[in-house]
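Note sheet for the following structure.
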Amino acid sequence: RSATSENLQDVRELIPEFFYLPDFLVNSNMFDFGTTQLGKTVHDSTLPRWAKGDPKRFIRIHRQALESDYVSRNLHQWLDLVFGFKQRGKEAVTALNTFVHVTYEGQVDLESITDPVERESIIAQIQNFGQTPSRLERKAFPPRVVLSAFKEKGLDFNALASLAALTPPFCVVGAPHRVYLRVLAVDTCKVGMAGQMDSSVGDLCHVKGQLLGVGRTCALILPSKKYYRFGGPNHGVSVHVSMTSARYREVNKVLSVHDGMHRGPISVAKPSLNGLWLLTGCIDSTVRVWKYNGQNMQLQATLCGHDGGKITCLDISTTFGSIVTGGSDGKILVWDLRTLTFLRTLHHPASAKGSVHVGSTKSPAVKSVSINHKNGNIVTLLHSTVCVFDINGNLIAKQDPGFNFEGNEVPSCAISTDCPEWMESGIVAVAGHMNGDVSLWSIDYDTELLVLRHILPERVHSCPITALRVSGDRQDTLLIGDKSGKMSACETVKLEQLNASELESLVVEMQMGDD
């Protein structure tokens, strides 16, 4: 308010936190900041009316404005004021862009000032007011070209490559309000299947256009083209070759064995994306954190917090230093990777805690936990309900209570995408179902509900989905594995792949959206 309505001479610029961190606006630690001159207690930041009292909405709209076409078209004018030809001289005076003379580069030679009082006064003035940046250009900056896939005369395919970077996960480049996937490839999982009771896929990835999957008791180490195998009587893991290379010619070859990592069989394992960390969960409800350097496995901590039963799912983010664990006790716990200590419990809404059997008082097991590596959000699947929590454990969105899955439509697993919160049309979660369906979800931030955006139309899978992974540089490829061992890769459709009637309907939609 001070910079927009109460004091037009307030020229302070926004710090980066205004575009990604709503927590700094809230006094969550209940610090005593005293009172104002009017006697009002200083507590949370006062937000404008359009934020509706919600710091997350305030930050989200700020970021959307920053990334908007309007800002892109006018950004050069700000550059002219701060770094360009309107920083000094007549152009600065005309643009009301003049400041205290001591803030400009080269205007004050502190070494030549002999009076210590004057010297300290000028230094204090500079430190208090700030410094004007160096002028980089003496002529006007060129405006940024804002591209659009749809022109008056048709489709501009040349613009699609530039639009891809700001397109949300699984949204069509050039038409980000649309979500549509098509099957690229279908294959059968053959790696890591020896000794399994069934043919379930446990993990999968895309390597140089090839779909690679491993069995239910395996987890891929992505950077090294290896995989862990767990669940054996040695209460540990073994490391195997997942893909042939110049160094390793034999798939499934055992590279190392690590015995006695737990007191009982390992029920689940999850490596970090960089392959340097490994989480293992045991049937005795303990979780252990390991560092793996390619040869040795070093125990970092044993995490205890689940109330009996086995650990059912794990995830780790080295970006945010977070560990999430889920167990058959129905608990979802969050831990700090840096200090290896407990942080909080995620509390699901009551609708998600419905018993599996009528009359049963036992909480359903947690099926999936997954971390968004862009913002730290956590997607969870408890019983048949998908929820999204922020990094601090606050519930962001839940499945609509009236949208109940029954029978074989119940979700069997779920994962998070890396969709930023300001991309409201983006897909934030993907769920696989017992009947082989795969559903994609986004968030309605006004209602705080998950919105079903798309169900894969091509029924490649007809049994429970057991593994999902989001792939691709811009997260436009979905890898799916099921209980029968079948795998598929699906990709977001491209505008150039659509027929004339589909393109025509898209053009109409885009025109209506602009109006």
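Predicted model only: the values in this text are computed from it and were never measured.
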Can you confirm whether Arg57 sits close enough to His62 that some side-chain heavy atom of one is under 4.5 Å from a side-chain heavy atom of the other?
no
Taking CZ in Arg182 as the centre, count heavy atoms belonging to other residues, nucleotides or ligands within less than 6.0 Å. Is the count above 12?
yes
Does any non-hydrogen side-chain atom of Ile396 lie less than 4.5 Å from one of Tyr445?
yes
One should read off an interatomic distance between Leu110 CG and Ile126 CD1, to the nearest 0.5 angstrom, of 5.5 Å
Could you verify whether a donor N or O on one side chain and an acceptor N or O on the other, from Asp418 and His373, lie under 3.5 Å apart?
no
Please answer whether the main-chain N or O of His383 pairs with a side-chain N or O of Lys367 as donor and acceptor at a distance below 3.5 Å.
yes
Would the distance check show the side chain of Arg138 and the main-chain N or O of Gly84 forming a donor-acceptor pair, the cut-off being under 3.5 Å?
no
Any chance the rings of Tyr20 and Trp422 have centres within less than 6.0 Å?
no
Do Thr417 and Leu440 have side chains that get closer than 4.5 Å, going by heavy atoms?
no
Would you list the pairs meeting ring-ring contact (aromatic ring centres under 6.0 Å, His included) in which at least one residue belongs to residues 74-95, sequence neighbours left out?
Trp78-Phe83
Side-chain contact test, heavy atoms from C-beta onward, threshold under 4.5 Å: evaluate it for Leu456 versus Cys490 and give yes or no.
yes
Set out, in order, the CA-CA distance, both residues' side-chain angles and the distance that settles side-chain contact (heavy atoms from CB on, under 4.5 Å) for Gln131 and Tyr104, then state yes or no.
CA-CA 6 Å; Gln131 289 182 279; Tyr104 289 92; over 6 Å; no
Would Asp23 and Ser28 count as a side-chain contact (heavy atoms from CB on, under 4.5 Å) here? Give the steps.
CA-CA 8 Å; Asp23 306 85; Ser28 56; over 6 Å; no
So for atom NZ, which belongs to Lys331, do other residues, nucleotides or ligands contribute more than 12 heavy atoms lying within a distance under 6.0 Å?
yes
If we ignore angles and hydrogens, is there a donor and acceptor under 3.5 Å between the side chains of Gln77 and Asn74?
yes
When you check the side-chain N and O atoms of Thr132 and Thr103, is any donor under 3.5 Å from an acceptor?
yes
So, Asn372 side chain and Ser416 main chain: donor-acceptor pair closer than 3.5 Å or not?
no
Whether the Thr325 and Trp335 side chains hold a donor-acceptor pair (N or O, under 3.5 Å, no angle test) is what I'd like checked.
yes
Looking only at side chains, do Glu105 and Ser134 share a donor and an acceptor under 3.5 Å apart?
yes
N/O donor-acceptor pair under 3.5 Å between Asp444 side chain and Val451 backbone
no
With no hydrogens and no angle check, do the side chains of His348 and Thr385 hold a donor and an acceptor under 3.5 Å apart?
no
Should we count OH of Tyr70 as having more than 12 external heavy atoms under 6.0 Å?
no
Test item: Glu137 side-chain N/O and Arg135 main-chain N/O as donor-acceptor pair under 3.5 Å:
no
Over 60° means perpendicular and under 30° means parallel, so classify the ring planes of His454 and Tyr180, tilted if in between.
tilted
Around atom CG of Asn293, are there more than 12 heavy atoms of other residues, nucleotides or ligands at under 6.0 Å?
yes
